[in-house]
Amino acid sequence: MPLEGPARIVQTLTARGFNADREAVTLLAAQPDPAAALEQVLEDVPDETLVISAESVRQIVETTDTQTGDSTSLTATDDRVNQSDRKPRSARTQDSSNPVSDDRESHDPSISTPDVDRTGTDDRDHGADEPAGFERSGDVDERDVRIRGDMTGESTGTGAYRDFVSIFRDRLDRLQSKLSGRVNHRPASSIEGMPGGSDVAMIGLVNDVRSTASGHWLVELEDTTGTFPFLVMKDREYVDLVDELLRDEVIAMEGTLADDSGIAFVDSMYFPDVPRTREASTADRHVEAALISDVHVGSEEFMADAWNRFADWLHGEDAQHVEYLCIAGDMVEGVGVYPNQDEELDIVDIYEQYEAFNEFLKRVPGDLDIVMIPGNHDAVRLAEPQPGFDEHLRSIMSAHDPQIVSNPSTVELEGVSILMYHGVSLDEVIAELPAEKASYDEPHKAMYQLLKKRHVAPQFGGHTRLAPEERDYLVIDDVPDIFHTGHVHKLGFGKYHDVLAINSGCWQSQTDFQKSVNIDPDAGYAPIVDLQTLDVTVQKFS
Ligand code: D5M
Ligand code: FE
Ligand code: ZN
């Protein structure tokens, strides 16, 4: 009989109209012949049963065992030992280095954990009353999921000129309040009227950055009253920060007015930033969240096997503390997202892609709390903020009743806030900043830049499409405890002023395009965050 992993068991159960709790699935998977055990259970459960509980599995397999008197029928066989090629590797790091290089082997839950390994024979040794399978550590009542900043259904933008005016006003207003304690700023219009030699400060949007003939930098700031030019001299310490600037981000500058009051020479520069003294909140108990993104179901490169191993792992003892699953966009491959994309589509109909995604979602344990946001491959408007999926798509992606919210949104899990953003602007940050500050190999560093700017996608008119709204939903108003993005298909994490930044990799192997531009994706990894310590463990399934 082919190996029956928990995910396969869940699939069979759901196809037959049942739900199962995790312990029941684990128990079934631990049987020497899971398929036969499953059939037996389905035959014997009362007709009205909706959920297959661990208790009913236990009763049925134990009765069967006693009746047949077959002492080997529940003994572990090579079935599970053969899973060694399916073994996930795990790595735990405390620092910001790339976790992948720090991989360490973990034991295979299906082989060596006492609970799963406990067979019929063992049961007799330990007393038949002792539950087989493992106990979920968590109490579902302790779970707490709160959503903030979900703009689904709140879009007011019409694309008219006044929408641009209001979004920039709102952005400036809200980010100004983070900077105004640090500088004694004045509006652009009043700076012009001050005498030459005065100390001046201004808070504004970066309107333009250009180099001068003599190698200095001219940064033009804009507020609601006008614009004013600031000159950053090439030999000043702040010149290093100029290469971090993106158009339309909000900063503060202090300087000295030139004699004619037409320009100011910069003395200091400030970003809205994350206060250094801030400390992250943590959960009160040992509970974990799996943070993933970029599943890309429907692509020929979607790694179904890796996904199924992930789903199996979630059903096992090693994942017993994982109670939350966050998916940061690109559930499916979509249609017509990039030129020639159709040549690599496995499923060409977008709705069928979501149906297939839902089948894969079904394989993860039904008792996880799931939160998802859309990405640029998903069937929602491309311009950010992207509202959560429409009713029809929600009805397709209904497995385990996920919470579907906008990109970006903040989800608070037991007091730990996670800013979820798909990450399209990361391409721009990486393209525009020097490699040591942002690169595909260290995507978390590009995320640090967004935290520093307190905005997930500052630049209008570039690669990232932005929708003007009355309110700028992309401002990072409250500092999150965790910042979770995807999109660049590279795994990386680290801490920035006590904010854990995680870019979560993908479930799609290298596409032709990625090959042509030398992007080597980190596919088939699941970063797991302990919400009590904010430590990250990376599980590998590819
Ligand atoms: O994008 C995954 C990563 O690959 C992201 O960094 C953009 C980049 N990418 C992928 N395909 C293309 C094309 N055709 N043009 C430009 N950039 C691309 P994702 O959107 O998740 O597929
Ligand atoms: Fe993607
Ligand atoms: Zn993407």
Side-chain angles (χ1 to χ4, degrees), residues 291-304 306-307 310 326-347 350 353-354 356-357 360 372-386 388-389 406-409 420-433 435 438-447 449-450 456-457 459 462-466 474 483-492 501-527 542:
L291 307 186
I292 62 163
S293 65
D294 299 274
V295 191
H296 290 266
V297 172
S299 158
E300 279 177 358
E301 286 84 13
F302 166 59
M303 298 162 75
W307 178 272
F310 170 49
C326 298
I327 314 180
D330 287 359
M331 313 301 150
V332 301
E333 173 63 11
V335 177
V337 180
Y338 292 123
N340 304 323
Q341 184 206 20
D342 51 323
E343 289 165 16
E344 292 182 69
L345 283 184
D346 189 33
I347 306 173
I350 184 79
Q353 291 183 1
Y354 283 103
F357 170 76
F360 284 101
M372 339 201 271
I373 63 168
N376 59 312
H377 282 252
D378 286 302
V380 299
R381 81 168 183 203
L382 195 50
E384 298 173 10
Q386 297 180 285
F389 299 95
S406 64
N407 168 38
S409 284
M420 293 176 70
Y421 169 60
H422 178 60
V424 169
S425 70
L426 295 172
D427 282 330
E428 223 161 1
V429 174
I430 290 168
E432 305 228 356
L433 269 57
S439 67
Y440 285 109
D441 287 334
E442 295 183 304
H444 50 289
K445 290 196 177 166
M447 299 172 73
Q449 290 290 330
L450 300 178
V456 298
Q459 191 156 274
H463 175 77
T464 315
R465 283 179 228 200
L466 302 180
L474 307 180
F483 183 23
H484 174 204
T485 61
H487 182 63
V488 296
H489 294 203
K490 296 295 278 184
L491 174 69
I502 300 191
N503 193 283
S504 49
C506 64
W507 299 86
Q508 181 186 38
S509 57
Q510 196 180 42
T511 62
D512 283 350
F513 168 82
Q514 289 167 345
K515 204 171 196 166
S516 74
V517 294
N518 246 339
I519 295 178
D520 183 18
D522 291 325
Y525 295 89
S542 50

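For ligands, and for the atoms within them, numbers begin at 1 and follow the listed sequence.
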Residue pair Q353 / E333, side-chain donor-acceptor N/O under 3.5 Å:
no
Testing D330, V488, I327 one by one against D294 for a side-chain contact (heavy atoms from CB on, under 4.5 Å), which residue passes?
D330
Note: ligand 1 atoms sitting under 4.0 Å from heavy atoms of I519 are 4 (O)
Under a 3.5 Å distance rule, please check whether S542 uses its side chain to pair with a backbone N or O of A523 as donor and acceptor.
yes
Judged on heavy-atom distance to atom 3 (C) of ligand 1, which of H489, H487, Q341 sits nearest?
H487
Can you tell me if K490 uses its side chain to pair, donor with acceptor, with the backbone of H444 under 3.5 Å?
no
What protein N/O/S atoms are found closer than 2.8 Å to the Zn ion (ligand 3)?
D330 OD2, N376 OD1, H422 NE2, H487 ND1
If I only include protein atoms of type N, O or S, how many are less than 2.8 Å from the Fe ion (ligand 2)?
4
My understanding is that only residues two or more places apart in sequence, or in another chain, count here; which of them pass ring-ring contact (aromatic ring centres under 6.0 Å, His included) with H422?
H487
Using only atom types and a distance under 3.5 Å, with no angle test, would you say the side chain of S406 pairs donor to acceptor with the backbone of S409?
no
Interfacing atoms of ligand 1 (cut-off 4.0 Å, heavy-atom, Y440)
6 (O)
Any idea which part of L426 is under 4.0 Å from ligand 1, heavy-atom wise: side chain, backbone, both or neither?
neither
Between Y338 and F513, how do the two ring planes meet: parallel, tilted or perpendicular, split at 30° and 60°?
parallel
Do the non-hydrogen side-chain atoms of I502 and F483 ever get within less than 4.5 Å of each other?
no
State whether the side chain of S425 and the backbone N or O of V456 hold a donor-acceptor pair below 3.5 Å, judged by distance alone.
yes
Taking non-hydrogen atoms only, is D294 closer than 4.0 angstrom to ligand 1 via side chain, backbone, both or neither?
side chain
Taking N503 for the side chain and L491 for the main chain, is one N or O donor matched with an acceptor at less than 3.5 Å?
no
Should Y354 and D378 be marked as a side chain to side chain donor-acceptor pair (under 3.5 Å) after you check the CA-CA gap, both sets of side-chain angles, and the distance that decides it?
CA-CA 9 Å; Y354 283 103; D378 286 302; 2.7 Å; yes
Those residues at least two apart in sequence (or on a different chain) that pass salt bridge (charged side-chain N to carboxylate O under 4.0 Å, His left out) with R381 are E469
Can you pull out the closest protein heavy atom to atom 19 (P) of ligand 1? Residue, atom name and distance to 0.1 Å, please.
H377 NE2, 3.2 Å
Counting only N and O atoms by type, is there a donor-acceptor contact under 3.5 Å from the side chain of W307 to the main-chain atoms of W507?
no
For I519, does its backbone N or O pair with a side-chain atom of Q510 as donor and acceptor, under 3.5 Å?
yes
Taking 4.0 angstrom as the limit and counting only heavy atoms of H296, give me the atoms of ligand 1 inside it, by number and element.
21 (O), 22 (O)
Shortest protein heavy-atom distance from atom 18 (C) of ligand 1, along with the residue and atom involved:
F513 CE2, 2.9 Å
Among D330, D427, N376, which one puts a heavy atom closest to atom 6 (O) of ligand 1?
D427
